[in-house]
Amino acid sequence: MKTQAIIKKGLSILLCFLTLLTALASCKDGEDLPTGDTTPADTTEPPAEEVFFDIVKNGVCEYEIVYPKGCEEYVSSATTNLREKFRRSAGITINITNDTRVDGKPEKKILIGKTKFEESQKVFSDLKYHDYKIIVDGSNIILAAYNASGYTKLIEYIQENVLAKAENTAEGKNIKMKAENYVPEITKNYTISSWKILGNELSKYKIVYADRDLDTVIAAFRDDIAKKCGYVLDMALDTSCDPSDHEILIGDTNREESKAIPTPKALTYCAKISGTKLVIKSGGEHSLPKIFSSLLYNFIKGKKEVVVEKDFVLEGDLFDDTLDSSKPADSDLRIMSCNILAEFESWTANAALNPFLPVSIRKEILYAAFDYYQPTVVGFQEMTMNWYAAAEEYPEYAEKWEILKFKNPQRTDGEYVFSTVMYRKDLYTLVESGVQHYSKHNNARCRCYTWAILKDKTTGQEFCFVSTHWDGSGRENGFLQVGELTAFVNEMKKRCPVFTTGDFNANEITDEFKKYIADADILDAKYAAVTQMNNVGSWHNFTKDDLSWGSCDHITATKDTTVLKYQTLYKNEIIYGSDHCWLIADIKFN
C-alpha cells in the first residue's frame, strides 16, 4: 500500500512539471508567464441599441392608413378606431384611403387588413385565425388579423406600446415606434391539428364558388373551418381565378370537376371528390348551410386529424314527411293552396324573421314540395315579382307548368297581382281565365281572386280553379268579399265543378267563413275528406311548429266532387317556407 501511494505522488509531480513546460512553450518572447487567475476574458457583445422611427414628428404625420376596398365591416371599424386613437394621442387626423387609390409601392403607409399590396398578402399567408401580427417592413407598418377580436387586441397593443408613449415638444407631439415586428404567441387551442384532402394539408386549398350572392354564407363556412384548425382559406369566384390542383368547389362552378357531379334536387346535398378537388353541392341556398354544418360537426366530430380520401362521399336529404302522402289511385287531380309569404321586410315586426325572407333561400323549399307532393294545380297568395321569377326557375317549369300573370291596375311598374294560379300545362288546357278585384279592399295587390277554367287533356273534364286573399275576419270589408266570391262560385257551378283556394284570413269557426260555405253550398276539404291526414291550423309563428292559431287557409270544393285526402304541410323544413302552412287535397270528380 505504501509503495502504491509513493507511485501516485510521483506521477502527480511529473504531470505538474509537464504542464509547466507546455505553458512556457506557448509563451512568446516578452510575454508574461500565466498567473494564478486564468478566468477567460468576457467576449459577450453589448446589447444592440433599440432602433426607433418616427410616425409623428413635431405634430406632423406623414403616414396614411390604407384598407382593402370592399373589406369586412370589422376591418373598416378597426380602421376608423385606429384613426381615432391617433387623434386622441397626437391631436392629428391621419388620412384614410382604400388600396385602389394608391399607385405603386406604398411608402409610409399603415396597411390594415388584406390589402392588394404584396406586403399585406405575405403577412396573411401564414397567419392563423385567432392570431394577429404587427410587421414593420421598411417604412411600412402592416396590421393583420382575421376577426374583430384580433384587431381589438392589435390596436390595444399599439395604444399601450406606441401611442401612449407620445412625447410633447415645443413644436408638437412626437410618436416613435420600434423598428421590429410584433408577433404574439401562436394560439394552440385548435381542436384539429391536421386536416388533409387527398394527402394535401388543407392550408394549400382555396374555396372557389360560382354564385356571388353566396359570399356571406361561404365566408361563414370558411371562418368555421378556421376556428377548428386555424387555416383561413382564400375564397374567390370561379370567374376571377385560374384553376389549380387544390380547390374546394362550391356549387356549379365552371370547373370540369364540378360538372362531373350532378346538381342535387331541392333540399338534398352532397360532397364528393372529383379529380383532385373536393366538390360541394346543394339543391339550393337553404340546404347549403346544412351540408356545411354536416361537414363541420358530423364528419369531423371527435377527430383531431381529418382525412378526406378519394372515395369520400357525404350526402343528405332534408325532406322527410312521415305521413303517407301518396295520391289515391282514383284521384283525378291534386290541389295545393300556398301562401308563400311576400319577402317585404316591412310586412313583419319580427326581426328574427328577416334573415329568412329572401325568396332565393325559400324557393328551394317550394321546389322540394313540388317534387315530393306532385300537385297538378296550385293557388298562390302573396306572389311577389321575385316569386313569379322563382316559379319559372323550377327545373320542370318549362316542360310542365304555366303560371297566370295579371297586372295590378293600381301600379305602373308592371307588378302582377299577388293571388294567382299555376297549373300543369302537360295535363290541362287553359280554356278561360281572369282576375277580379273586390269592390272594397285594403290592398289592391292582394285583395282579388284569380280564376282559370282548365280542361283535362285526357278525359275532357273541365273545372274552375280560384285563388284568393281576403281582408279577414271581423274587418269592415269581410262580408262584402264573402258575397262577391260566393256569387262568382254559384255562377261558375252552372258550368263545371269549382274549387277555391287561398288565405281567407278567417278560420273555420268565423261567421264570414261559415257564411261562405253555406251560401255557396260547398265543401270545406279539410272536413269533407275521406282521409284527413291531420287536423291542425295553417297559420304559425314563422319557422316554429306552432299551429294553434287555426286554419286561415282553406281549400273548398263543390259537391259534385269527392275529397279523397287532405293534408296540412308543416313537417321539417316546410316550416321555413312561409308563415302559413301549405295545403293539399286529392279530388275525384263524381
Just by distance, do the side chain of [X] and the backbone of [Y] share a donor-acceptor pair under 3.5 Å?
X: Arg222; Y: Met235; value: no
X: Thr486; Y: Val482; value: yes
X: Thr510; Y: Asn507; value: yes

State plainly whether the residues [X] and [Y] are in salt-bridge range, i.e. N to O under 4.0 Å.
X: Glu256; Y: Lys259; result: yes
X: Glu257; Y: Lys277; result: yes
X: Glu315; Y: Lys272; result: yes
X: Arg495; Y: Glu432; result: yes
X: Arg445; Y: Glu415; result: yes

Determine whether more than 12 heavy atoms belonging to other residues, nucleotides or ligands lie under 6.0 Å from atom NZ of Lys228.
yes
Given the side-chain rings of [X] and [Y], with only the six-membered ring counted for Trp, is the space between their centroids under 6.0 Å?
X: Tyr416; Y: Tyr388; result: yes
X: Trp451; Y: Phe488; result: yes
X: Phe312; Y: Phe299; result: yes

Should the pair [X] and [Y] be assigned to parallel (<30°), tilted (30 to 60°) or perpendicular (>60°) ring geometry?
X: Phe513; Y: Phe504; result: perpendicular
X: His580; Y: Trp539; result: perpendicular
X: Tyr394; Y: Trp401; result: perpendicular
X: Phe463; Y: Tyr428; result: perpendicular

From the options Val279, Val208, Leu202, select the one residue that forms a side-chain contact (heavy atoms from CB on, under 4.5 Å) with Ile248.
Leu202
Pair Leu569, Leu583 - check side chain to side chain contact (heavy atoms under 4.5 Å, CB included), show working.
CA-CA 6 Å; Leu569 311 182; Leu583 317 174; over 6 Å; no
Could you state the interatomic distance from [atom1] ([X]) to [atom2] ([Y]), rounded to the nearest 0.5 Å?
X: Asn535; Y: Ser551; atom1: CG; atom2: OG; value: 7.5 Å
X: Tyr297; Y: Asp224; atom1: OH; atom2: CG; value: 4.5 Å
X: Thr450; Y: Phe418; atom1: OG1; atom2: CZ; value: 12.0 Å
X: Met492; Y: Thr500; atom1: CE; atom2: OG1; value: 13.0 Å
X: Phe292; Y: Tyr269; atom1: CZ; atom2: OH; value: 12.0 Å
X: Leu296; Y: Ile225; atom1: CG; atom2: CD1; value: 5.5 Å

Do [X] and [Y] have side-chain atoms, one donor and one acceptor, less than 3.5 Å apart?
X: Asp215; Y: Tyr209; result: yes
X: Asp503; Y: His469; result: yes
X: Asp560; Y: Asn590; result: no
X: Glu508; Y: His554; result: no
X: Asp321; Y: Gln567; result: yes
X: Asp332; Y: Gln461; result: no
X: Ser77; Y: Glu73; result: yes
X: Ser538; Y: Asp553; result: yes
X: Asp324; Y: Ser326; result: yes
X: Glu382; Y: Asn339; result: yes

From CA spacing to verdict: salt bridge (charged side-chain N to carboxylate O under 4.0 Å, His left out), Lys526, Asp524:
CA-CA 5 Å; Lys526 180 176 181 179; Asp524 182 343; over 6 Å; no
Side chain proximity check, Arg212 to Leu237, heavy atoms < 4.5 angstrom:
yes
Is the cationic atom of Lys290 (NZ for Lys, CZ for Arg) positioned less than 6.0 Å from the six-membered ring centroid of Tyr576 and within 45 degrees of its normal?
yes
Before giving the answer on side chain to side chain donor-acceptor pair (under 3.5 Å), spell out for Thr100 and Asn98 the whole-Å C-alpha distance, their side-chain angles and the decisive distance to 0.1 Å.
CA-CA 6 Å; Thr100 63; Asn98 69 60; 2.3 Å; yes
Where do Tyr438 and Trp470 land on the side chain to side chain donor-acceptor pair (under 3.5 Å) test, with the steps shown first?
CA-CA 9 Å; Tyr438 292 111; Trp470 287 356; 3.1 Å; yes
If you apply the rule salt bridge (charged side-chain N to carboxylate O under 4.0 Å, His left out), what do you find for Asp234 with Lys206, and how did you get there?
CA-CA 5 Å; Asp234 285 337; Lys206 174 184 287 187; 5.4 Å; no
Verdict with reasoning, Lys281 to Asp252, per salt bridge (charged side-chain N to carboxylate O under 4.0 Å, His left out):
CA-CA 7 Å; Lys281 287 193 173 187; Asp252 295 321; 2.8 Å; yes
For a side chain to side chain donor-acceptor pair (under 3.5 Å) check, start with the C-alpha distance between His437 and Arg447, then their side-chain angles and the critical distance, and finish with the verdict.
CA-CA 6 Å; His437 283 80; Arg447 307 316 184 207; over 6 Å; no
